[in-house]
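Scroll down for the structure; my scribbles are underneath it.
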There are 2 protein chains.
Amino acid sequence: MKDIRPKLVKLLKENYCTPQILKIAKNLKEPSTTIHYNIKKLEEEKVIKTYKAVFDYKKIDEGFCSYALINLSSEEYVNPEKIAMDLSKYPEIESIDICTGDWELVLKIRTKDQDEYYNFIKNVLSRKGIVKIKSLTSLKQLKTEFVKLF
Amino acid sequence: MKDIRPKLVKLLKENYCTPQILKIAKNLKEPSTTIHYNIKKLEEEKVIKTYKAVFDYKKIDEGFCSYALINLSSEEYVNPEKIAMDLSKYPEIESIDICTGDWELVLKIRTKDQDEYYNFIKNVLSRKGIVKIKSLTSLKQLKTEFVKLF
DNA sequence: CATATTATTGAATAATATTCAATTATTTAT
DNA sequence: ATAAATAATTGAATATTATTCAATAATATG
């Protein structure tokens, strides 16, 4: 049997979805051509970045979720964007923010388990520029990506 | 002119999207019926929770993003789920995690600006059960919901 | 106030999803 | 190991939905 599920997950995680114009039209009690026109406009204006799926991450081997609060070295501190943009390529990282306060970078990271998280920290985050990491491990997710999980 | 854009945003933020089976089929070089069968299965098994849009939040009056690290009172500490589930109803909250470490709750909050964030903290988060809040304000988002923003 | 631009909409068409039935592959029980 | 049962793949037919187009209405602009 072909195992296309991981491939599906990969595609749907960022893309390969589209709005349901007719259902929206029915919900808002407007003609579907009006909805179509307005959504296309939101897309052209880049108000909408993409359409995607939200998963039960426990079921796709991403059940371990942690926030990594990061301090940068004094060299990287002045330009955190470089390191942040570089980190954005890792599929384990759900979000990256450059922040004010005690930590310069806040990452949300999803891995299969604590072991994989440890390896990710060791292999990816222990690098020149990152001098200190504080991990806040999620015991339970109640909401993610604006979607309730219960 | 009808202002249906906020209504569209509200619907698309959590729902009213669907996978593009034919495009996925072409990408993976598989018959579209095979893709259809497999995706329906992922939906039935609740591996996929929903399909949604990702926005340029600056363009939908949610340009201010902050992480709220929360300490609970000793009474709430033993059962943080109650308060977490209650908080999940607020559309300003993108994610809620019950965590280990120095803070029991980690919220990701999006508002129009700092003023609105202040009001949200004051009106929603300053409540019985929440004894201390540390805010990490995002200066720049590089990635959100697995989607690169540059 | 006249003109240009933008938004709305119904009807026609194009594109895509879904169903169905047949086949193939895999798992389970003996 | 083999038969029977179950699950997965697929092409062809159908149903559903998105998109285009042209006409009209609303709003903005000079």
Side-chain angles (χ1 to χ4, degrees), chain A residues 1-63 91 112 145-149, chain B residues 1-63 91 112 145-149:
Chain A
M1 214 118 293
K2 313 168 185 176
D3 198 10
I4 57 179
R5 284 168 74 133
K7 293 176 193 169
L8 289 176
V9 168
K10 192 182 176 206
L11 293 182
L12 293 172
K13 210 170 180 183
E14 295 180 46
N15 226 305
Y16 288 90
C17 298
T18 193
Q20 292 178 296
I21 290 173
L22 200 61
K23 283 200 181 150
I24 293 168
K26 280 172 183 164
N27 182 293
L28 298 182
K29 296 185 175 62
E30 297 283 350
S32 69
T33 42
T34 302
I35 302 302
H36 181 265
Y37 176 87
N38 279 277
I39 288 184
K40 289 305 144 192
K41 208 146 167 299
L42 288 171
E43 291 172 2
E44 282 160 21
E45 294 171 11
K46 313 273 191 207
V47 176
I48 294 169
K49 301 220 57 124
T50 193
Y51 305 97
K52 58 158 289 180
V54 175
F55 297 93
D56 184 336
Y57 294 99
K58 294 187 296 297
K59 294 179 180 165
I60 58 165
D61 281 351
E62 299 188 21
K112 187 181 188 329
E145 296 154 84
F146 295 105
V147 178
K148 282 189 196 180
L149 297 174
Chain B
M1 215 117 294
K2 313 169 186 178
D3 198 12
I4 57 179
R5 283 168 74 134
K7 293 177 191 169
L8 289 176
V9 168
K10 192 180 175 207
L11 292 181
L12 293 171
K13 211 170 179 182
E14 295 180 46
N15 226 305
Y16 289 91
C17 298
T18 193
Q20 294 179 294
I21 290 173
L22 200 60
K23 284 202 181 144
I24 293 168
K26 282 172 183 163
N27 182 293
L28 298 183
K29 295 185 175 65
E30 297 284 350
S32 68
T33 43
T34 302
I35 301 302
H36 181 266
Y37 176 88
N38 278 277
I39 287 183
K40 290 304 144 193
K41 207 144 168 300
L42 288 171
E43 291 172 3
E44 282 160 21
E45 293 171 12
K46 313 273 192 204
V47 175
I48 293 170
K49 300 220 59 125
T50 192
Y51 304 97
K52 58 159 288 178
V54 175
F55 296 94
D56 184 337
Y57 293 99
K58 293 186 296 298
K59 293 179 180 166
I60 59 166
D61 282 350
E62 299 186 24
K112 187 180 189 325
E145 295 154 84
F146 294 106
V147 177
K148 284 188 195 181
L149 298 174

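Hydrogens, waters and symmetry mates play no part in the numbers below; they use all other heavy atoms, side chains included. Every value quoted in this text rests on a predicted model; they were computed, and no experiment measured them. Residue numbers start from 1 in every chain, and the chains themselves are labelled A, B, ... in the order their sequence lines are given, proteins ahead of strands.
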Minimum side-chain heavy-atom gap A:V47-B:R5 below 4.5 Å = yes
Are the side chains of B:F146 and B:V54 in touch, meaning some heavy atoms are under 4.5 Å apart?
-> no
When rounded to the nearest 0.5 angstrom, what distance separates NZ in A:K13 from CD1 in B:I48?
-> 12.5 Å
Answer with yes or no whether the side chains of B:Q20 and B:Y51 bring together a donor and an acceptor at under 3.5 Å.
-> no
Hey, which sits more toward the 5' end of DNA chain D by its nearest nucleotide, B:T33 or A:T33?
-> B:T33
What residues, two or more places apart in sequence or in another chain, satisfy side chain to side chain contact (heavy atoms under 4.5 Å, CB included) together with A:K10?
-> none
Residues B:E145 and B:K52 bridged, charged N to O under 4.0 Å | yes
Counting distance only, does the side-chain N/O of B:S32 pair as donor-acceptor with the main-chain N or O of B:A25 below 3.5 Å?
-> no
DNA chain D contacts among residues 24-31 of chain B, heavy-atom distance under 4.0 Å | B:E30, B:P31
A:K59 atom NZ, over 12 foreign heavy atoms within 6.0 Å | yes
Spacing of B:D3 atom CG relative to C:dT6 atom P, expressed in whole Å = 17 Å
B:K41 bridged to B:E44 by N-O distance under 4.0 Å | no
For DNA chain D, what residues of residues 45-54 of chain B have any heavy atom nearer than 4.0 Å?
-> none
Going by heavy atoms closer than 4.0 Å, what residues in residues 11-21 of chain B are next to DNA chain D?
-> none
Would you jot down, in residue-number order, the residues of residues 34-42 of chain A having a non-hydrogen atom under 4.0 Å from DNA chain C?
-> A:T34, A:Y37, A:N38, A:K41
Applying side chain to side chain contact (heavy atoms under 4.5 Å, CB included) to A:K26 and not counting sequence neighbours gives A:L22
Are the side chains of B:L11 and B:K7 in touch, meaning some heavy atoms are under 4.5 Å apart?
-> no
